[in-house]
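Step one of this worksheet: look at the structure below.
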Amino acid sequence: MVRRLGAVAVLNVMWVTDLFVLGHGFDDLAAPGGLLTVLGRLTGLYGALALLAQVVLVARLPWLEAPLGMDRLTAWHRWSGFWVLWLVIAHVVFIALGYAGQDGSPVTAEIGTLVFDTEDVGKATVAVVLLVAVGLTSARRARRRLRYESWHVVHLGAYLAVVLGFLHQVTLGQDFIGSPLGRLYWWSLYGLALGAVLVTRVGLPVWRNLRHRLRVVSVVRESGDVVTIWIGGHRLDQLPARAGQFFLWRFAGRWWEAHPFSLSAMPDGEFLRITVKALGDGSAWLQRIRPGTRVFAEGPYGAFTAQRRTRNKVLLVAGGVGVTPIRALLEEFAHAGDDLVVIYRASMPEGAVLAAELRALARWCRARLHVVTGPSTMVGRHGPVMGPRHILAMAPDVRERDIYLCGPPGMTDAVRRTLGELGVDAAQLHTERFAFAA
Ligand SMILES: Cc1cc2nc3c(=O)[nH]c(=O)nc-3n(C[C@H](O)[C@H](O)[C@H](O)COP(=O)(O)OP(=O)(O)OC[C@H]3O[C@@H](n4cnc5c(N)ncnc54)[C@H](O)[C@@H]3O)c2cc1C
């Protein structure tokens, strides 16, 4: 899948370059400022292509999401975002310098003429400002300081930037002006990318929620800061959700916030169940949610499912509230009769929520369950906690197992390293992080 996507990207770069040639893009090369102008046009076209690729990566297309997972797609989206930003900046600089060379005027005067007197460059300027704002607020340091919702609102500006950028491309783009093939290519590309977003991020969720009409049916307190919420609705047997997946949830009274929560039980066709730890405003508010509250869910998302399994021996590793998808997967694997080992890591025994359910399920399917509590600096009979010897003591045949790992990013990275040291093949390891690439 990754190779196929890489090939599609390379092919598109080649087509864009070809269409530029067909549209007489290189004709001005020998003119004063010609090289800079050509570079400016090409970087603009590649920037538009990268921006559309970014839109597709977060369009949540099921055929991309299921094999690759939202976490990986979000990481690529973030990585390609930096390319978009640099290409767009290069486009602006090269075009300003090239046109100034062509007209023999100072660069500052040329920028004024371009922004204020050239058709649709004003729109493109707004697009650039929006993209720079998205880039700046996505830098790690800014991202940590901003509330998720504020960052998200700025990020939505990128869609407006796509439309404004397109309008300026229609008026000034070399391919649009010079070649019907170019027009066809770019119209199709923009249409497909924006259409995909509208269908999968707006149309499909609205249709599913009208159909299933979700409501909270009961709320169970698991500990001082964790609740389990049961959600009912119509025809839930027709919702294609699986153990290990998550939805983006919105609740009446706080519609403006969408939070990702994994299913904490295998969907049974009647109810969906989530278990929420209070980690900030939104999740703290959910601790007091009442039965009857309307729910809007977008999803299911995630590739952390039994479909990924390559063998019938499985090790499930949960850290803290990362137990939620692991609990659901244990149920699914138990029904499949697999050979199961479960490790549940929590810093304190009272923090090991759903442990009683895990014990009951493990007894029922004869899985070996290890609940490991204590600080992460703890060193025991088998060396450092969750270190190679400790993991081997709990799962001696770890190399023969598929491993499903979910927990906070720090714990996930540490266990990943340990498994690497133990020689576990990367293809056997399936992870879910309770944080998207940031
Ligand atoms: C795939 C996935 C599955 C998850 N499953 C569970 C679960 O089953 N149970 C559970 O208790 N927690 C789960 N989480 C974590 C949960 O989403 C956050 O704790 C919750 O959104 C925090 O929101 P807040 O308003 O309480 O806190 P805030 O203070 O607003 O945020 C705390 C942290 O959560 C992040 N966050 C907030 N909103 C979102 C969002 N819409 N999308 C992505 N990140 C966000 C913020 O960036 C910040 O890092 C999961 C997270 C992910 C990414």
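Since the structure is predicted, the reported quantities are computational estimates derived from the model, not experimental observations. Every number for a ligand or one of its atoms is a count from 1 in the order of the listing.
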- [ ] With heavy atoms of Gly280 as the reference, note each atom of ligand 1 found under 4.0 Å away.
- [x] 24 (P), 26 (O), 27 (O), 29 (O)
Task: Side chain, backbone, both or neither: Phe434 near ligand 1, heavy atoms under 4.0 Å - done: both
- [ ] Could you tell me whether Ala258 approaches ligand 1 through its side chain, its backbone, both or neither, with non-hydrogen atoms closer than 4.0 Å?
- [x] backbone
Task: Residue pair Thr431 / Arg416, side-chain donor-acceptor N/O under 3.5 Å - done: yes
- [ ] Mind telling me whether His390 and His382 have parallel, tilted or perpendicular rings, with 30° and 60° as the class edges?
- [x] parallel
TODO: Go through the side-chain N and O atoms of Thr324 and Ser264 and say whether any donor and acceptor fall under 3.5 Å apart.
DONE: no
Task: Within-cut-off N or O pair, Ser283 and ligand 1, under 3.5 Å - done: yes
Open item on the list: Whether Asp397 and Lys313 form a salt bridge (side-chain N of Lys/Arg under 4.0 Å from carboxylate O of Asp/Glu) is what I want to check.
Closed with: yes
TODO: Nearest heavy atom to atom 23 (O) of ligand 1 wins, so pick from Met70, Glu432, Arg250, His259.
DONE: His259
TODO: Classify the ring geometry between His430 and Tyr404 as parallel (under 30°), tilted (30 to 60°) or perpendicular (over 60°).
DONE: tilted
- [ ] Output yes when the distance from some N or O of ligand 1 to some N or O of Thr324 is under 3.5 Å, and no in every other case.
- [x] yes
Open item on the list: Any nitrogen or oxygen of Gly282, side chain or backbone, less than 3.5 Å from one on ligand 1?
Closed with: yes
TODO: Give yes or no for whether the N/O distance cutoff of 3.5 Å, strictly under, is met between Arg433 and ligand 1.
DONE: no
Open item on the list: Is it true that, when you exclude Arg368 itself, more than 12 heavy atoms of the residues, nucleotides or ligands shown sit nearer than 6.0 Å to its CZ?
Closed with: yes
Task: Aromatic ring proximity, centroids under 6.0 angstrom, Trp364 and His335 - done: yes
Open item on the list: Below the 3.5 angstrom mark, is there an N/O of Phe246, backbone or side chain, next to an N/O of ligand 1?
Closed with: no
TODO: Fit a plane to each ring of His152 and Tyr148, take the angle between them on a 0 to 90° scale, and name the class: parallel (under 30°), tilted (30 to 60°) or perpendicular (over 60°).
DONE: parallel
TODO: Could you tell me which atoms of ligand 1, counted from 1 in the order shown, lie closer than 4.0 angstrom to a heavy atom of Val276?
DONE: 11 (O)
Task: ligand 1-proximal atoms of Arg143, by part, heavy-atom distance under 4.0 Å - done: side chain
Task: Ligand-residue contact atoms, ligand 1 with Thr275, heavy atoms, under 4.0 Å - done: 7 (C), 8 (O), 9 (N), 10 (C), 11 (O)
- [ ] State whether a side-chain donor-acceptor pair under 3.5 Å links Tyr344 with Thr373.
- [x] no
Open item on the list: When you compare ligand 1 with Glu257, is there at least one nitrogen or oxygen pair between them that comes in under 3.5 angstrom?
Closed with: no
Open item on the list: I'd like the name of whichever of Pro260, Pro325, Cys406, Ser150 reaches closest to atom 14 (N) of ligand 1 through any heavy atom.
Closed with: Pro260
Open item on the list: Is the shortest side-chain heavy-atom distance between Gln169 and Trp186 below 4.5 Å?
Closed with: yes
TODO: Mind checking whether Phe261 contacts ligand 1 via backbone (N, CA, C, O), side chain (CB onward), both or neither, at a 4.0 Å heavy-atom cut-off?
DONE: both
Open item on the list: With the threshold set at under 4.0 angstrom, would you say Ile274 reaches ligand 1 through any of its heavy atoms?
Closed with: no
